[in-house]
A.B. asks: 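Before I ask anything, let me first share the structure, which is written out below as structure tokens.
Below, all heavy atoms of this structure are taken into account, side chains as well, without hydrogens, waters or symmetry copies.
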Amino acid sequence: MKRFTKYIHKQLSVKVSLWVVIFAAIIFLTALGFMFVQSREAVRQEAVNRASQILDNTALRVTGILNRVEVASDMIEWLVMRHPENADSMFVYSQGVLQRNPDFYNCSIAFEPYYFEEYGRYFSAYARRDSDSIKVRQGGSDRYQYFFMDWFLMPKLLGRSCWTEPYVDMDVATGAKEMLTSYTNALVDQKGQYVGAVNISLSLNWLSQTISAVKPYPNSYSIMLGHGGTYFVHPDSTKLLNQTIFTEMLEHPDTAKTALGHAMQRGEDGMKQLKVDGQDCYVFYKPLGKTGWSMAIVCPESDIFGGFDRLRHTVMGIVAVGLILMLFFFIRIITKELKPLRQLAKEAETIASGQFDTQLPDFKRTDEIGQLSHSFGNMQQSLVNYIEKLKKTTAQKASLESELNVASSIQMSMLPSLFPERKDLDMYASMTPAKEVGGDLYGYLLTDDNLYFCLGDVSGKGVPASLFMAQVTRLFRVLASQQMPPAEICTHLNEALSGEENPTNMFVTLFIGLVDLKSGHLSFCNAGHNPPVIGGNAMHGEFLSMLPNFPIGVMSGLEFKGEEIDSIKGCPLFLYTDGLNEAEDDKQQQFGDERLLEILRNTDFESTRQVIETLAAEVEHHRNGAEPNDDLTMMCIHVN
């Protein structure tokens with residue numbers, strides 16, 4: 001198998017031939033498949049129509065027989081109640097019914113105990129068909145107390161005529177047994193009192209033969225169910241009266257067969273596809289009048305589609321042989337036509353090894369092979385030019401990366417990396433850019449016991465933001481060195497970075513604070529930045545409520561308002577940019593303010609550096625490998 005696969009990979013003629021044959025096979029199979037699908041549907045529809053028609057005819061015939069039983073019972077009831085006192089005429093009536101209806105099995109006209117006193121407790125005019133004769137006798141006795149039988153009690157209890165469930169009837173005189181179903185009609189006198197019942201029975205064996213006589217297909221068969229799903233008619237006689245359609249599902253559940261049983265019980269008609277005894281079948285079912293029974297015809301798929309499947313296999317065999325012959329002839333023809341390509345392939349391997357100056361053969365052809373040879377020559381020249389350009393591009397990219405690294409180093413050098421070492425102050429800050437250079441900033445200026453500090457976020461990212469950030473950082477240090485209040489610093493920064501001084505319309509959100517390390521007094525101004533978190537004991541704090549101010553650089557002429565806190569001694573102050581609370585994971589879910597507070601509240605304060613490193617680790621864990629979506633800058637100040 002491996003050798004054959006290698007042979008195919010090496011031989012273009014075999015590949016092309018295979019593709020041609022595969023596409024031909026796809027076309028043939030698509031056309032044949034469409035034809036087979038349509039033909040199968042036509043065969044299926046014809047089978048549905050055929051089976052449905054036979055089912056309808058059989059149902060009409062059975063319904064007609066059942067209707068004749070009901071009409072005959074109603075007629076006897078009318079005759080009996082005209083002369084209810086004449087006992088002997090009852091034998092004539094029951095015998096006459098069987099004589100006029102050769103498909104009836106027996107007829108009983110039974111009365112309540114002692115209705116006819118001269119006959120004693122029992123009186124039932126019973127007529128039964130026996131071969132070619134009809135036997136008539138009195139059917140009640142101590143051995144057969146008919147007034148306890150279902151056929152006698154049901155019309156009395158229900159107050160109407162009805163069909164009984166099948167039962168085994170034994171003739172007391174002969175001992176003969178027969179499976180029957182009966183239609184029983186109540187006898188009610190003029191006072192409205194129940195006096196007896198008329199019972200006419202049909203033989204289930206005869207009914208089964210009648211229903212099964214007509215078959216749409218050789219292996220199809222009919223079934224009939226009672227109210228509870230009991231088999232009245234079935235080719236397996238052991239199931240009659242002993243099993244229902246649901247019996248097999250107790251051990252082997254089958255939802256399709258269960259649905260069929262329920263549909264037949266509900267008196268529906270239709271068709272279902274399911275497995276019967278491990279064989280795919282179509283089942284056509286229909287109710288039988290007002291009896292509550294239902295009959296069905298089971299047709300195996302093998303019978304319906306047998307001829308169609310044989311035709312399909314024959315056609316597919318012919319197509320398979322034709323495709324094999326097509327493959328053989330195509331391989332021979334294409335091998336001859338593609339022979340010049342072998343030489344071209346060898347020369348191409350030489351070029352691929354790095355010898356770009358190799359001379360390609362000229363086949364003096366104008367077809368696709370000649371065009372391919374010409375294209376190879378053009379590709380050879382283009383490849384030489386491309387390699388030269390690639391060398392220049394690679395060198396330029398390396399130079400740009402080097403310059404960005406230098407810019408990043410310069411930017412980071414502009415941010416303080418060393419913090420005051422004093423007993424009354426614990427301070428730490430960090431900035432992590434999302435790209436090589438970023439737009440976040442922080443800074444501080446310590447003069448005697450006064451600590452100026454700031455933290456901000458420039459709009460945008462990359463090199464433009466880093467240049468704007470450098471300008472803000474420089475101006476902050478200049479203005480802070482003049483001992484200005486934070487609000488005044490913000491006002492001067494805004495004037496310096498707005499209008500004509502800011503042609504790119506960039507702006508920066510900024511928080512500037514001034515803390516007196518002796519008293520812990522804090523004055524600050526927030527220019528559109530995220531609210532800091534101020535702690536109570538340790539870091540168990542909340543977001544700081546502040547007056548709103550515009551970001552710096554939006555427009556000139558703004559006056560920024562400052563605020564004060566009497567003392568922040570012992571209350572850590574945590575500042576950050578939106579690269580913290582808006583950090584996104586691989587599903588674009590943000591870190592969030594609530595999570596920030598929760599982490600700070602659950603972190604035992606040891607040092608400002610420990611707080612920042614803890615949050616940096618939490619953000620990295622939250623990202624779960626996702627690239628940073630913004631610069632991340634944090635600062636924490638704790639005045640002891």
Side-chain angles (χ1 to χ4, degrees), residues 426-432 439-444 451-459 469 472 476 485-491 493-494 507-515 520-554 558-584 590-603 605 608 611-612 614-616 618-619 622 629-639:
D426 182 10
M427 178 181 181
Y428 189 76
S430 71
M431 195 275 276
T432 305
D440 282 4
L441 63 101
Y442 70 86
Y444 75 91
L451 173 67
Y452 282 91
F453 62 91
C454 71
L455 185 139
D457 184 1
V458 178
S459 61
M469 164 263 184
V472 173
F476 164 76
E488 191 175 340
I489 293 176
C490 288
T491 302
L493 279 173
N494 185 65
F507 61 89
V508 58
T509 64
L510 195 64
F511 185 95
I512 298 178
L514 169 61
V515 60
H521 179 269
L522 172 68
S523 59
F524 63 90
C525 181
N526 182 57
H529 197 70
N530 297 331
V533 178
I534 184 165
N537 295 323
M539 285 308 299
H540 301 281
E542 299 292 342
F543 289 113
L544 184 63
S545 297
M546 299 176 296
L547 295 174
N549 284 302
F550 276 95
I552 291 171
V554 173
L558 296 176
E559 184 176 350
F560 288 79
K561 297 180 180 180
E563 300 176 70
E564 296 181 358
I565 296 177
D566 290 339
S567 177
I568 62 170
K569 281 192 174 184
C571 300
L573 183 66
F574 178 75
L575 296 87
Y576 58 95
T577 60
D578 54 11
L580 173 62
N581 59 328
E582 295 180 5
E584 295 179 349
Q590 293 188 349
F591 190 80
D593 293 337
E594 293 299 325
R595 187 170 181 183
L596 169 61
L597 285 179
E598 180 184 358
I599 294 171
L600 289 175
R601 290 169 180 170
N602 294 325
T603 300
F605 183 83
T608 56
V611 171
I612 290 176
T614 298
L615 281 168
E618 289 290 340
V619 169
H622 171 76
N629 58 306
D630 202 353
D631 304 332
L632 172 60
T633 303
M634 296 177 284
M635 175 184 286
C636 188
I637 299 172
H638 184 217
V639 180

A.B. asks: I need the single residue from T633, N581, L632 that forms a side chain to side chain contact (heavy atoms under 4.5 Å, CB included) with Y576. Which is it?
C.D. replies: N581
A.B. asks: Using modelled atom types and a 3.5 Å cut-off, is there a donor and acceptor pairing between side-chain atoms of D426 and backbone atoms of T608?
C.D. replies: yes
A.B. asks: Checking the side chain of N494 only, and the main-chain atoms of G553 only, is there a donor and an acceptor separated by less than 3.5 Å?
C.D. replies: yes
A.B. asks: Rounded to the nearest 0.5 Å, what separates atom CG in L514 from atom OG in S523?
C.D. replies: 4.0 Å
A.B. asks: Which class fits the ring pair Y452 and F476: parallel under 30°, tilted 30 to 60°, perpendicular over 60°?
C.D. replies: perpendicular
A.B. asks: Could you walk me through whether D457 and T509 pass the side chain to side chain donor-acceptor pair (under 3.5 Å) test, one step at a time?
C.D. replies: CA-CA 5 Å; D457 184 1; T509 64; 5.0 Å; no
A.B. asks: Taking the side chain from N549 and the backbone from N526, do they hold a donor-acceptor pair closer than 3.5 Å?
C.D. replies: yes
A.B. asks: So, T491 side chain and E559 main chain: donor-acceptor pair closer than 3.5 Å or not?
C.D. replies: no
A.B. asks: In Å, rounded to the nearest 0.5 Å, how long is the span from SG of C525 to CE of M546?
C.D. replies: 9.5 Å
A.B. asks: Between the side chain of N629 and the main-chain N/O of E582, is any donor-acceptor distance below 3.5 Å?
C.D. replies: yes
A.B. asks: Is there a donor-acceptor contact under 3.5 Å from the side chain of Y428 to the main chain of M634?
C.D. replies: no
A.B. asks: For the atom pair CG (L573) and CD1 (I568), what is the distance rounded to the nearest 0.5 Å?
C.D. replies: 5.5 Å
A.B. asks: Can you measure from SG (C454) to OH (Y444) and round to the nearest 0.5 angstrom?
C.D. replies: 12.0 Å
A.B. asks: If you look at every heavy atom in P531 and L544, which pair is closest and at what distance?
C.D. replies: CB-O, 3.5 Å
A.B. asks: Below 4.5 Å, heavy atoms only, C-beta onward: do R595 and H622 meet side chain to side chain?
C.D. replies: yes
A.B. asks: Which of these passes side chain to side chain contact (heavy atoms under 4.5 Å, CB included) with L580: L575, L596, N530?
C.D. replies: L596
